[in-house]
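The structure under discussion appears below in the form of structure tokens.
Within every chain, numbering begins at 1; the chains are lettered A, B, ... in the order of the sequence lines, protein sequences first and strands thereafter.
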Amino acid sequence: MTKIINVIKGTHDILPQEVDKWHILEENALKIFSRYGYKEIRTPIFEATELFARGVGDTTDIVNKEMYTFEKSERSLTLRPENTAGVVRAYIENGMARLSPPVKLWYKGPMFRYERPQKGRQRQFHQVGVEMFGIKEPTADAEVILMAVNYLKSLGLNDLDVEINSLGCPKCREEFKKRLKEVLKPEFDNLCDDCKTRYEKNPLRLLDCKVESCKAIFEKPEIQKVIQVDYICEECAEHFAKLKTYLDKLNVKYNVNKLLVRGLDYYNRTVFEIKSNNLGSQNAVCGGGRYDSLVKNLGGDDTPAVGWAMGMERLNSLLPDSEPQKLNGYIVSTSPVDAFELAEELRNDGFNIEFDLSNKKFTKQLEKASKVADYALILGEDEIKAGKVSVKNLATGEQKTVSRQELRSIL
RNA sequence: GCGCCUGUCGUCAAGCGGUUAAGACCUCGGAUUGUGGUUCCGAUAUGCAUGGGUUCGAAUCCCAUCAGGCGCCCCA
């Protein structure tokens, strides 16, 4: 036998028996986001590599070691590892800055990251996300978080933890980094290797370290003092305070997590995550925040923005399995031509209808009907002559012979 | 990139060095020439991820390769 070709590591097929759940995710996204005035945008799956290097940040793991990059016609192209950079590119390129703010966009689609696959993490995965441009006030942050929570609620996901934090603006963040480095200096040699690198490149990420010895260091009182004190400036503090007020008034439950930093470089001020306890170690279903400098960094006008993304596979695994959808009717007939005609008639009226294409025996057809449909539509010689159909309710066994017109009201 | 675990039919599996590789589900056929979902009978792995090795003998032990899972890291 010829060797079969397998799916690529870290990718997988979404099979018919699970696709219903995907439809639920997608339909609810359209429904909920539309209520808030968001429009869907679809951007290409690959972009210029430079977009991600400049957009996501070239010190991030995503850009450093996880991108699928390839050359074509002497251009370096990359399969998108996330979609914020692409949406921002589209926003700039299509002159959406000329639209009356806020500009509200949402998207869904596959993303690609070259990582070791594990539970809740694949190399091709899907995200649904939103981006809002043009509003610097914390109302935007609040709306976006509220919408995330309501989207999750619409999926029946209520018991999730919302964590928020403020990173401050570039100005006050520098101050915080400076203080953090000062207080950690005596401990530098005790940090893990990754943290030693972070210490130089991106000190905020130190707080995210999962290594026990590092966590212990950060628990020390003199270091906690620096972490707990708000180094963010007055304006940033006010922004964050207002956001919390809005969330309180809107009954969005959240925790402030000072250690929440996030791995993408473009965030400032508000960052947030939504986590589930039922996902294993990859427990974040949603991550996002404010990125006021990204549009400008990518060549657009100075435009404030805020957004988030959710991992659809992770959402999917939190959804209960759905019952497979049955056909409205399965035609049992020994006359393919008549079966065809009846099937087409009913299909045109919006019913889901199948019949046996291989002309099997009557009992086999009925057996098949009982497995895949709610009703068996029996179309034998007698019925054909009389211009009628015998309808059998396969759940109750009830059967009656009716005209084709009556048939529609039964199905 | 590192660590641990696992590969037997389409699926879930039993098998733990001895000669025809259990079983269940699914699928297909029959009992059953117009009445199913229950039941009964039958069919379906010359092969145990692949390649080597040990042995009189290997799905079972060893090595390598490949694939998958989980964890670290990072993230959705």
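- As judged by a 4.0 angstrom heavy-atom cut-off over every strand, K275(A) is placed among residues making no nucleic acid contact.
- C28(B) is paired with G42(B) under the Watson-Crick or G-U wobble criterion, all donor-acceptor distances under 3.5 Å.
- The side chain of S370(A) has G37(B) as its nearest neighbour among G37(B), C72(B), G34(B).
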Q) Could you write nucleotides 1-11 of chain B as a row of B, S and -, 5' to 3', where a protein heavy atom under 4.0 Å of any base atom gives B, of only sugar-phosphate atoms gives S, and otherwise -? A) BBB--------
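- Rounded to whole Å, atom C1' of G37(B) lies 9 Å from atom CG of L366(A).
- Counted within 6.0 Å of CD1 on I8(A), heavy atoms from surrounding residues, nucleotides or ligands total 12 or fewer; the atom is thus considered open.
- OP1 or OP2 of G71(B) sits under 4.0 Å from a side-chain N or O of Q118(A).
- Ion pair K400(A)/E398(A) not flagged as a salt bridge, since none of the NZ, NE, NH1 or NH2 atoms sits closer than 4.0 Å to an Asp/Glu carboxylate oxygen.
- Side-chain N/O atoms of K361(A) and base N/O atoms of U33(B) include no donor-acceptor pair closer than 3.5 Å.
- If you take CD1 of I8(A) and P of C66(B), they are 14 Å apart, rounded to a whole angstrom.
- Using a 4.0 Å heavy-atom distance criterion, E383(A) is classed as a base contact.
- Rounding to whole angstrom units, CG of residue N283(A) and P of C73(B) are separated by 12 Å.
- Note on G129(A): nothing from the nucleic acid sits closer than 4.0 angstrom, heavy atoms only.
- When heavy atoms are screened at a 4.0 angstrom cut-off, E381(A) is found touching base atoms of the nucleic acid.
- A13(B) sits 23 Å from G18(B) when the C1' atoms are compared, rounded to a whole Å.
- Nucleotide G68(B) holds its P atom 12 Å from the CG atom of D13(A), rounded to whole Å.
- In this structure C66(B) sits in a base pair with G7(B), meeting the Watson-Crick or G-U test at under 3.5 Å.
- For the salt bridge (charged side-chain N to carboxylate O under 4.0 Å, His left out) with E40(A), the lone residue among K108(A), K31(A), K104(A) that qualifies is K108(A).
- Residue E367(A) is classed as a sugar-phosphate contact, given heavy-atom separations below 4.0 Å to backbone atoms only.
- Of the P atoms belonging to G57(B) and U19(B), the separation is 15 Å, rounded to the nearest Å.
- In summary, R113(A) and E82(A) do not engage in a salt bridge, as defined by a charged side-chain N under 4.0 Å from a carboxylate O.
- With both ends at atom P, the span from C12(B) to G52(B) equals 28 Å, rounded to whole Å.
- Taking 4.0 Å as the cut-off between side-chain N and carboxylate O, R89(A) and E50(A) do not count as a salt-bridged pair.
- Residues H126(A) and N316(A) have side chains that never bring a donor and an acceptor to within less than 3.5 angstrom of each other.
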Q. Does the pair D349(A) and R408(A) meet the rule for a salt bridge (Lys or Arg N to Asp or Glu O under 4.0 Å), with working shown?
A. CA-CA 9 Å; D349(A) 283 349; R408(A) 285 165 174 71; 2.4 Å; yes
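- If you measure from atom CZ of F272(A) to atom C1' of A76(B), you get 12 Å, rounded to the nearest angstrom.
- In this model, a donor atom of one side chain and an acceptor atom of the other lie less than 3.5 Å apart for S358(A) and K360(A).
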Acceptor/donor pairs from residues 371-383 of chain A side chains to any protein atom, 3.5 angstrom cut, sequence neighbours excluded:
{"unit_1": "K371(A)", "atom_1": "NZ", "unit_2": "E367(A)", "atom_2": "OE2", "d": "3.4"}
{"unit_1": "E383(A)", "atom_1": "OE1", "unit_2": "G380(A)", "atom_2": "N", "d": "3.0"}
{"unit_1": "E383(A)", "atom_1": "OE2", "unit_2": "S390(A)", "atom_2": "OG", "d": "2.6"}

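- Within the nucleic acid shown, Q282(A) comes within 4.0 Å of at least one base atom, counting heavy atoms only.
- Residues of residues 29-52 of chain A that place a heavy atom closer than 4.0 Å to RNA chain B do not occur.
- Residue G397(A) is the one, among V7(A) and G397(A), whose nearest nucleotide of RNA chain B lies closer to the 5' end (criterion: closest heavy atom).
- In this structure, L315(A) reaches neither bases nor backbone, as no heavy-atom distance under 4.0 Å exists between it and the strands shown.
- Heavy-atom neighbours of K119(A) NZ from other residues, nucleotides or ligands within 6.0 Å: at or below the threshold of 12.
- The gap from the P atom of C61(B) to that of C5(B) amounts to 14 Å, rounded to the nearest Å.
- U11(B) and C70(B) are spaced 22 Å apart, taking the C1' atom of each and rounding to whole Å.
- Minimum atom distance to the side chain of K392(A) is reached by G36(B), of the listed G34(B), G36(B), C75(B).
- To the nearest angstrom, P of C75(B) lies 12 Å from CZ of F125(A).
- When the C1' atom is used for both U32(B) and A14(B), the distance is 35 Å, rounded to whole Å.
- Among the heavy atoms of the strands lying under 4.0 Å from G287(A) are primed sugar atoms or P, OP1, OP2 only; no base atom is included.
- Checked against the 6.0 Å centroid threshold, F33(A) and W106(A) count as a close aromatic pair.
- Across all strands shown, U54(B) forms no Watson-Crick or G-U wobble pair with both distances under 3.5 Å.
- Pair check for G23(B) finds C12(B); Watson-Crick or G-U wobble, both atom distances under 3.5 Å.
- Salt bridge status for D292(A) with R269(A): absent, with no side-chain N to carboxylate O gap under 4.0 Å.
- Using a 4.0 Å heavy-atom criterion, one finds that G288(A) contacts no nucleic acid atom at all.
- For U60(B) and G15(B), the P atoms lie 15 Å apart once the distance is rounded to whole Å.
- Considering only side-chain atoms of K119(A), the nucleotide from A76(B), G71(B), U35(B) that sits closest is G71(B).
- Per the geometry, NZ belonging to K371(A) stands 10 Å off C1' belonging to C28(B), to the nearest Å.
- Across the P atoms, U46(B) and G51(B) are found 15 Å apart, a figure rounded to whole Å.
- Looking only at distances, a side-chain donor or acceptor of T49(A) sits under 3.5 Å from a matching main-chain atom of S76(A).
- Checking C2(B) for Watson-Crick or G-U wobble geometry (two distances, each under 3.5 Å) identifies G71(B) as its partner.
- Note on A395(A): a base of the nucleic acid sits closer than 4.0 angstrom, heavy atoms only.
- Contact annotation for A284(A): backbone-only contact, meaning every heavy-atom pair under 4.0 Å involves sugar-phosphate atoms and none involves a base.
- If you check distances only, the side chain of Q399(A) does reach the base of U35(B) with a donor-acceptor pair under 3.5 Å.
- Atoms CD (Q17(A)) and C1' (C26(B)) sit 12 Å apart, rounded to a whole Å.
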